[in-house]
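Each chain gets a letter, A, B and so on, in the order the sequences are listed, and its residues count up from 1. These figures come from a predicted structure and were not determined experimentally.
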Protein chains: 2
Amino acid sequence: MARMSATDRRSALLEAAFRVIAAEGVSAATTRAIVAEAGMSLASFHYAFTSRDEMMRELIRHVIENQAVAAFSSLRYGVDLRTAIRDGLQAFFAVVVADPAHEQTMFELMQYSLRTPELAQLPREQYSGYRNAVSGLLETAAADTGMSWLLPLDDVARMVVAMTDGITLAWLADGDAAAGSRVIEFAATSIAALAQPIDTPSPVIALQHPHVTDTAENAP
Amino acid sequence: MARMSATDRRSALLEAAFRVIAAEGVSAATTRAIVAEAGMSLASFHYAFTSRDEMMRELIRHVIENQAVAAFSSLRYGVDLRTAIRDGLQAFFAVVVADPAHEQTMFELMQYSLRTPELAQLPREQYSGYRNAVSGLLETAAADTGMSWLLPLDDVARMVVAMTDGITLAWLADGDAAAGSRVIEFAATSIAALAQPIDTPSPVIALQHPHVTDTAENAP
DNA sequence: GTCTATAAGGAGATAGAC
DNA sequence: GTCTATCTCCTTATAGAC
């Protein structure tokens, strides 16, 4: 193999590892399978990384930082809030359906992190990142349509992330994309109902949320 | 080890396997780890099962058939629909929080199934089972409170299952149980809004669901 | 029927030639 | 720097004593 900088070799191996995992799962991502995918010799792997564990840590950190929530960004203007949310969710779902292995890999890497003590806090950062991205979009969407959220923005984002995860997982399980789209239609309505027109003088609290059960946090 | 019938030995090994997976993940569930957990010798494993693969198939079939959705069943009577749904969701979530390893194991076994060609159709049955169980509860809850669903019951169940999956996954990631409970409060309101009083003569379609995007099913 | 001992192969990691 | 060849460990599975 031609000479490559250590940095390039690391990148090439990380990309190869992701492809192997997407195609065959984490358990199939052996060092041998990864170097074969990257077209390198086995020794090159340990020249670039001190161990397979180190590579997995790097891979997970990388995918968490570079997660493409870009799908959401296709916000249309001049539509009502529900339509904006609906479009965003359907666009996200279309990306999932077009590349199911990618989302499945994200779930697998999350499981791997949760099972690896030194990586166990990464999913927390990952979900915090999801919520931040979604919060920004929700804020923009509400502002553009003259609405304001009746709940803390982060909680609305939590609900949106929960819906996308739930719909994605169900689709990975049963492959019924039409049903996923139907659920998105209802979900968009539900989420839009968590906002009210901004020019309403007296805040109308139409939602019931009498009390939140006291449940202690666990120690992840 | 004392004599055991082959059936008892299989059951004991399946339970031991589940415990090992719950504690350390699928990748740690080697035949050696499983027989150690069950207090047997390695040879006993292959006396009960022809291979580790066969044991995993049996384990997954078993957990899918015996999944405890019993948590939902704590339906209170004499309350409104939203409260009934809220109670059910909070009861489910309390079970998850009390035994996180169990839910994590269910997700891991689902991933394993999806990655194993001959088991790849099991998650479909699993989710169909979830929806059937939830549908029954939703039907009862609506009937008891004099309400009727504005959407196909199966679609409402889909939304409930998506919410529970999404909330569970987020909690496994970040351990914020209070946030999970808050989302449940909002979700219960949203889901209850998909029903209307049964004695309303003219059906009031309050929901917007203009059109469902045509998305073809994938081939799982 | 249940065990110990071992076969056969795949894994991560490294030595040492070039 | 990059390779081939190899070390060592751990895996599933089985042979054969009892």
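If you take CE of M56(A) and C1' of dA11(C), they are 15 Å apart, rounded to a whole angstrom. Taking atom CE of residue M4(B) and atom P of nucleotide dG1(C), one finds them 13 Å apart after rounding to whole Å. In this structure, Y47(B) places its OH atom 17 Å from P of dT4(C), rounding to the nearest Å. The distance from atom CG of D8(A) to atom C1' of dG1(D) is 14 Å, rounded to the nearest whole Å. When rounded to the nearest whole Å, the span between CZ of F49(B) and C1' of dT14(D) equals 18 Å.
Applying the side chain to side chain contact (heavy atoms under 4.5 Å, CB included) test to T7(A) and every residue at least two apart in sequence or in another chain returns S5(A). Residues satisfying the ring-ring contact (aromatic ring centres under 6.0 Å, His included) test with Y112(B), not counting sequence neighbours, are none. Residues satisfying the side chain to side chain contact (heavy atoms under 4.5 Å, CB included) criterion with R131(B), sequence neighbours excluded, are D174(A), Y127(B), S128(B), D154(B), A157(B), R158(B), V161(B). Taking T50(A) as the reference, E54(A) meet the side chain to side chain contact (heavy atoms under 4.5 Å, CB included) condition, with sequence neighbours excluded. Residues passing the side chain to side chain donor-acceptor pair (under 3.5 Å) test with Q126(A) are Y130(A), sequence neighbours excluded.
For dG1(D), neither phosphate oxygen OP1 nor OP2 lies less than 4.0 angstrom from any side-chain nitrogen or oxygen of R9(A). The phosphate of dC3(D) has OP1 or OP2 within less than 4.0 Å of a side-chain N or O from S44(A).
The list of salt bridge (charged side-chain N to carboxylate O under 4.0 Å, His left out) pairs with a residue in residues 91-118 of chain A, not counting sequence neighbours, reads R57(A)-E118(A), E108(A)-R115(B), R115(A)-E108(B). Within the structure, salt bridge (charged side-chain N to carboxylate O under 4.0 Å, His left out) contacts touching residues 13-25 of chain A (residues at least two apart or in different chains) are R19(A)-E37(A).
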Q.
Evaluate V97(B) against F92(B) for side-chain contact (heavy atoms from CB on, under 4.5 Å), listing each step before the verdict.
A. CA-CA 9 Å; V97(B) 171; F92(B) 171 83; over 6 Å; no

Q: Let me have a per-nucleotide readout for nucleotides 12-18 of chain C, 5' to 3', with B, S or -, counting only protein heavy atoms under 4.0 Å.
A: BBB----

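Residues from residues 109-119 of chain B that place a heavy atom under 4.0 Å from any atom of DNA chain D: there are none.
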